[in-house]
Amino acid sequence: MPAPTLPEKRWSIDLEKKIQEAHSENEQEYTARYGFNPNSGKEIFVIDTPPPYPSGTWHIGAVAQYSMIDVIARSQRLLGKEVYFPWGVDRNGINIEFVVEQNTKRKMKTYDREEFLSLCKETIEEFTQAMRNTAKRVGLSCDFSKEYLTDSPEYRQVTQAIFVELFKKGEIIEDLRPNIYDPVEGTTIAEAEVERQSRKTKLVDIKWYTEDGVEVIISTTRPELICACGIVVVHPDDERYRNLVGKKIILPVPVSGRETSVEIKTHASVKSDFGSGVLMVCSFGDQNDVAIFRDMGLTPFRAIDLDGCMTSIAGPWNGNKVIEARKAVIDYLEENGKIHDIVEREQEIPVSERGKNPVETILLKEWYVRQTHIQDRMKEHIEEIEFHPARNKQFLIDWMDNISIDWPISRRRWYHTEIPIWYSQDETKVIVPPSGTYVQPWKDSPPIDSRVLDRETREDMGSYQELKQNLGEISGEEKVFDTWMDSSNSNLFVSGYLNHPELFEKAFPTALRPQGKEIVRTWLYYTLLKSTLLLDKPGFNHVWIDGLGMDPWGRKMSKSLGNGIDADSVLECGAGGKTGSWKVKGPDKSVSLRANKIGSECFRLWKACDAQVGDDFHINPEEIEKKYYGVLTKVFNVARFASMFPCPDDLDTTPADLAIEDKWIIAEFQSMMSIVEKSWHELDIYTATQALKSFATGVLPSHWLEMVKSRLYDDDEAAAWTIHRIVRDFLSAFSPICPFFSHHISLTIYSKSAVDVDSFPVNIVDELAVDMQQGDDLRKLTTSIQEFNSSTWNAKKDAGISLNKPISGIMIPDELSEFTKILTSMHSLE
RNA sequence: GGGCUUGUGGUCUAGGGGUUAUGACGUCGCCUUGACAUGGCGAAGAUCGAGAGUUCAAUUCUCUCCGAGCCCA
């Protein structure tokens with residue numbers, strides 16, 4: 001038997017790691033291969049890679065998604081495009097602040113701001129390094145030499161410049177609006193940081209009177225907020241109160257600086273069976289109150305200040321803490337005979353996750369990006385974007401239909417991009433920095449070439465340098481941006497906005513936004529909003545929205561469920577002979593999962609093959625190995641078999657003396673390859689991978705290879721040419737999915753790596769000058785060939801004859817008459 | 001609580017108004033055949049989540065319910 005030029009007997013994880021390390025050892029070589037060269041003259045394809053947020057462990061589902069983004073990057077390179085696959089890390093945000101607070105057991109606000117920021121930076125840098133390693137281990141072909149960090153001055157200055165630009169255009173405004181606020185910690189907090197706690201509270205039934213003297217009982221747990229009551233509502237179907245609707249009702253407590261009565265109206269959100277069925281709506285007792293205020297177009301009252309005290313509208317209770325005011329108001333009502341009943345009851349109240357302090361919804365002056373006025377225009381832009389899968393576009397459209405308020409972008413936190421603005425002493429003018437500078441107004445003075453604008457009209461009043469003397473003592477903004485304000489610039493940043501105008505010209509709209517479906521309403525929406533506001537263009541050509549990685553039973557992976565699977569353990573499974581085992585809590589009991597070898601190539605193949613884009617996918621290492629490791633083995637062995645026979649010097653010129661079976665398999669191969677090429681163009685990983693897999697594990701080895709074995713052993717050059725040409729081109733088409741696997745085999749047998757191929761393999765049928773019709777005719781025989789082979793194998797089996805022994809009495813069907821010779825020798829027909 | 005998405009053999013999956021409903025893994029049976037037992041060949045296994053409606057015809061369309069997921073309250 002001839003010796004194979006592919007020496008390894010089988011694919012292994014150690015081999016994979018060896019190849020992978022060699023692959024990125026030489027930085028120059030790596031960059032030449034995967035770096036972005038905007039001047040190559042090729043079509044530019046910029047991928048707006050989601051910058052991952054480092055938090056210690058990287059979710060295996062996210063790693064799987066990134067590996068598919070890499071498949072897209074590599075397949076676009078294979079199609080001849082100049083791909084920019086950037087590597088960014090999102091490092092702004094409250095999460096890292098919490099980690100530092102937890103590690104040091106100290107609240108952020110007890111630190112010096114500068115000291116706290118440097119602690120955050122140190123901590124996030126450790127997490128970032130782990131993430132880079134995993135990214136490389138799963139084979140991402142990012143241009144790591146151009147890594148960007150969203151907390152770097154280079155990135156933050158872009159966020160700030162965009163803020164200034166939108167501010168000047170009037171698309172960013174200041175307003176007094178409801179925010180969730182923790183009065184003890186003294187900060188606004190996000191919805192995500194609110195939890196519910198059960199506490200005993202007094203439900204007070206208060207007698208109210210309409211202006212014409214009708215008594216109405218209203219239940220509330222927040223009597224101190226009567227001063228902020230804007231409306232009283234009942235359910236539209238509630239017969240009991242029909243006659244009250246439209247009347248005015250008098251507030252039962254004294255107030256100052258506002259009307260002393262409110263109107264009674266209907267609202268569908270009222271629960272008729274709660275208390276008396278009449279609801280007073282205050283700004284702002286809870287989220288429902290906020291919603292009703294918004295629905296009814298009411299102007300909110302500011303009842304509670306930043307220290308958690310009542311404001312002047314509370315009349316006699318002005319300045320009281322909320323809890324004190326509640327007691328005092330109940331006392332007052334009791335003294336005046338306006339209490340009908342008081343019952344103690346358990347109630348869920350919103351508290352802050354950190355301090356367990358009851359939170360208030362209060363009015364604060366915050367910065368907003370205007371968005372309600374631009375929805376129609378955005379939708380026009382979205383029509384121009386191709387979504388993968390198309391149905392996931394609905395997530396975005398539905399969300400947009402629900403947008404009713406502007407986007408609040410200011411936060412009272414620290415490890416974020418600062419809002420780049422200073423205020424004049426009289427607060428009527430603002431100072432904004434020039435584009436290209438990163439500023440920290442809480443500690444810095446404005447750069448000398450900053451501009452002075454009117455705070456209301458946005459009119460440019462001149463340079464800071466000239467007007468400096470007239471501004472009085474200026475103060476820098478202390479608030480920072482919501483992190484989505486940074487993240488939603490990622491496509492602009494990687495496409496060269498502000499920094500590389502000539503690239504931006506060619507690269508925008510950004511070719512592709514790949515992301516998970518859970519952040520359609522945030523990352524995708526805000527990014528598209530920015531491109532509409534700033535450039536009046538769609539942000540992308542393609543948006544690719546993947547599903548989420550779930551546990552083996554289809555549930556979300558979480559620490560509390562104990563059903564998480566660590567990404568590194570799957571990628572390292574099988575390395576150094578170490579097998580993997582995972583204890584995962586199932587719905588009923590804990591289950592032990594075991595696998596011998598997986599690695600990055602098998603993991604990628606699994607994700608590419610097992611789920612359509614957009615569907616949630618179940619992650620079970622046992623299944624990944626069982627279903628897909630064998631495919632790698634099979635492809636490896638086909639290649640190894642091919643490598644036993646000398647490769648013709650010229651694989652690119654089709655020999656004239658191909659046998660009919662060679663032409664047949666080439667027709668099959670070509671049909672598969674054109675599906676793959678089309679799929680790569682359409683970013684359809686699933687279809688491409690399925691086509692490659694079924695060809696390489698099915699018709700090629702089982703039927704064609706079995707037929708031509710004897711010709712190969714007899715040094716038939718046409719058969720050798722055919723197998724080598726197919727294996728070589730197959731590896732090129734397969735390399736986006738399993739790059740190291742394809743790289744190693746192709747480099748060993750053909751001295752040229754499949755990952756360096758930068759145009760899709762040419763059509764051999766065209767080369768053969770076989771027209772398409774003839775190719776189709778040949779492929780029509782595939783079923784007959786498979787059926788004939790099967791029936792012959794079965795006949796031998798039934799007769800108890802070994803497969804390599806002769807058999808008689810088998811008739812070759814008419815349509816396969818051209819194959820008579822090869823089929824006769826294949827099955828030793830007599 | 002609301003909106004959206006989703007539910008196909010034991011498991012994962014393709015498809016989609018009329019088909020013997022696709023493929024893979026697993027299971028079972030057979031086979032050491034000149035690359036591959038980490039293999040080859042073959043077989044069994046599904047009233048397409050439940051109920052109702054539209055239709056000559058529904059797994060596919062509509063509605064309700066149940067389960068799962070995402071986001072927002």
Side-chain angles (χ1 to χ4, degrees), chain A residues 1-4 6 9-12 191-192 194 196 268-269 271 286-291 350 389 391-399 401-404 516-522 524-525 545 547-557 574 587 596-597 602 605-606 609-612 614-620 622-645 686-687 689-691 693-694 697-698 701-702 705-706 709-710 712-714 723 727 786 789-798 800-805 826-828:
Chain A
M1 207 190 301
L6 192 58
K9 285 215 147 159
R10 53 186 67 91
W11 181 248
S12 72
E191 178 61 33
V194 177
R196 308 244 154 206
S269 70
K271 295 188 188 93
D286 60 33
Q287 291 297 324
N288 190 41
D289 289 7
V290 174
R391 73 181 135 88
N392 278 4
K393 182 179 184 172
Q394 200 57 33
F395 290 125
L396 181 65
I397 301 292
D398 289 337
W399 173 237
D401 288 340
N402 284 320
I403 298 273
S404 59
K517 68 178 180 186
E518 77 283 9
I519 49 176
V520 166
R521 293 169 175 204
T522 48
L524 179 58
Y525 172 76
I545 302 174
L548 275 78
M550 300 292 175
D551 82 355
W553 300 271
R555 303 171 308 163
K556 191 176 168 176
M557 284 189 186
N596 294 321
K597 357 175 210 7
C602 182
L605 179 61
W606 156 75
C609 243
D610 218 55
Q612 284 271 30
D615 290 341
D616 293 345
F617 48 98
H618 302 185
I619 303 172
N620 183 341
E622 276 188 9
E623 213 160 75
I624 297 174
E625 180 188 31
K626 271 186 211 152
K627 291 172 80 160
Y628 297 104
Y629 202 86
V631 176
L632 289 181
T633 306
K634 192 74 197 171
V635 176
F636 191 88
N637 277 323
V638 169
R640 189 163 185 269
F641 177 66
S643 82
M644 290 171 27
F645 309 101
Y686 180 88
T687 305
T689 313
Q690 287 286 340
K693 182 188 131 196
S694 43
T697 60
S702 303
L705 229 43
E706 292 296 333
K709 261 180 186 173
S710 47
L712 284 165
Y713 285 115
D714 294 343
I723 189 169
V727 167
Q786 286 170 328
N789 288 339
S790 284
S791 69
T792 308
W793 285 322
N794 270 331
K796 286 193 178 179
K797 190 177 131 190
D798 291 344
I801 302 171
S802 178
L803 291 185
N804 59 348
K805 295 286 180 301
M826 173 184 180
H827 295 289
S828 314

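In what follows, chains carry the letters A, B, and so on, assigned in the order in which the sequence lines appear, proteins first and then strands, with residues in each chain numbered from 1. These numbers were taken from a predicted model, which means no experiment stands behind them.
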Would you indicate whether the side-chain heavy atoms of [Y] and [X] approach each other to under 4.5 Å?
| X | Y | value |
| --- | --- | --- |
| A:Trp399 | A:Val520 | no |
| A:Leu524 | A:Leu396 | yes |
| A:Met644 | A:Leu712 | no |
| A:Asn789 | A:Met826 | yes |

**Request:** Tell me, please, which residues at least two apart from A:Tyr686 pass side-chain hydrogen bond (donor to acceptor under 3.5 Å, both in side chains).
**Result:** A:Gln690
**Message:** Test of understanding: with side-chain hydrogen bond (donor to acceptor under 3.5 Å, both in side chains), list the residues that count as partners of A:Asp398, not counting sequence neighbours.
**Reply:** A:Gln394
G-U wobble or Watson-Crick pairing nucleotide for [N] (cut-off 3.5 Å, both distances):
| N | result |
| --- | --- |
| B:A35 | none |
| B:A43 | B:U27 |
| B:G67 | B:U6 |
| B:C48 | none |

In whole Å, what is the span from the [atom1] atom of [X] to the [atom2] atom of [N]?
| X | N | atom1 | atom2 | answer |
| --- | --- | --- | --- | --- |
| A:Leu705 | B:G40 | CG | C1' | 13 Å |
| A:Phe617 | B:G7 | CZ | P | 17 Å |
| A:Asn637 | B:A37 | CG | C1' | 11 Å |
| A:Ile545 | B:C4 | CD1 | P | 17 Å |
| A:Glu622 | B:G10 | CD | C1' | 14 Å |
| A:Lys796 | B:U33 | NZ | P | 12 Å |
| A:His827 | B:G40 | NE2 | C1' | 14 Å |
| A:Asp398 | B:A73 | CG | C1' | 16 Å |

Could you check whether [X] gets within reach of a base, just the sugar-phosphate, or nothing at all, counting any heavy atom under 4.0 Å?
| X | value |
| --- | --- |
| A:Lys9 | nothing |
| A:Val520 | nothing |
| A:Asn596 | nothing |

**Request:** Check the pair A:Asn596 / A:Glu625 against side chain to side chain contact (heavy atoms under 4.5 Å, CB included), numbers first and verdict last.
**Result:** CA-CA 8 Å; A:Asn596 294 321; A:Glu625 180 188 31; 3.2 Å; yes
Taking atom [atom1] in both [N] and [M], what distance in whole Å separates the two?
| N | M | atom1 | answer |
| --- | --- | --- | --- |
| B:U60 | B:A46 | C1' | 16 Å |
| B:U6 | B:A43 | P | 35 Å |
| B:A73 | B:G10 | C1' | 40 Å |
| B:U27 | B:U47 | C1' | 22 Å |
| B:U19 | B:A14 | C1' | 14 Å |
| B:C48 | B:U20 | P | 15 Å |
| B:G45 | B:U38 | P | 29 Å |
| B:C56 | B:G51 | C1' | 23 Å |

**Request:** Output all residues satisfying salt bridge (charged side-chain N to carboxylate O under 4.0 Å, His left out) with A:Asp615, sequence neighbours left out; order by chain, then residue number.
**Result:** A:Arg391
**Item:** For A:Glu518, salt bridge (charged side-chain N to carboxylate O under 4.0 Å, His left out) partners two or more places apart
**Value:** none
Listed by chain and number, what are the side-chain contact (heavy atoms from CB on, under 4.5 Å) partners of [X], not counting sequence neighbours?
| X | result |
| --- | --- |
| A:Lys626 | A:Glu622 |
| A:Ser702 | none |
| A:Thr792 | A:Phe788, A:Ile810, A:His827, A:Leu829 |
| A:Ala642 | A:Ile723, A:His724, A:Val727 |

Using the 3.5 Å cut-off, write out each protein N or O paired with an N or O of nucleotides 20-26 of chain B and the distance between them.
none

Close N or O pairs between protein and nucleotides 67-71 of chain B (under 3.5 Å):
{"unit_1": "B:A68", "atom_1": "O2'", "unit_2": "A:Gly554", "atom_2": "O", "d": "3.4"}
{"unit_1": "B:G69", "atom_1": "O2'", "unit_2": "A:Asp616", "atom_2": "OD2", "d": "3.0"}
{"unit_1": "B:C70", "atom_1": "OP1", "unit_2": "A:Lys556", "atom_2": "NZ", "d": "3.4"}
{"unit_1": "B:C71", "atom_1": "O2'", "unit_2": "A:Arg521", "atom_2": "NE", "d": "2.9"}
{"unit_1": "B:C71", "atom_1": "O2'", "unit_2": "A:Arg521", "atom_2": "NH1", "d": "2.4"}
{"unit_1": "B:C71", "atom_1": "O2", "unit_2": "A:Arg521", "atom_2": "NH1", "d": "3.3"}

**Request:** Tell me which of A:Asn392 and A:Trp11 sits closer to the 5' end of RNA chain B, going by the nucleotide each one is nearest to.
**Result:** A:Asn392
Table of protein N/O atoms under 3.5 Å from nucleotides 41-46 of chain B N/O atoms:
{"unit_1": "B:C41", "atom_1": "OP1", "unit_2": "A:Ser702", "atom_2": "OG", "d": "3.0"}
{"unit_1": "B:G42", "atom_1": "OP1", "unit_2": "A:Ser790", "atom_2": "OG", "d": "2.6"}

May I have the list of side-chain donor-acceptor pairs in residues 628-636 of chain A shorter than 3.5 Å, sequence neighbours left out?
{"unit_1": "A:Tyr628", "atom_1": "OH", "unit_2": "A:Asp610", "atom_2": "OD1", "d": "2.7"}
{"unit_1": "A:Tyr629", "atom_1": "OH", "unit_2": "A:Trp11", "atom_2": "O", "d": "2.8"}
{"unit_1": "A:Thr633", "atom_1": "OG1", "unit_2": "A:Tyr629", "atom_2": "O", "d": "3.1"}

**Message:** Of the options B:A14, B:C36, B:C12, whose atoms approach the side-chain atoms of A:Asp615 most closely?
**Reply:** B:A14
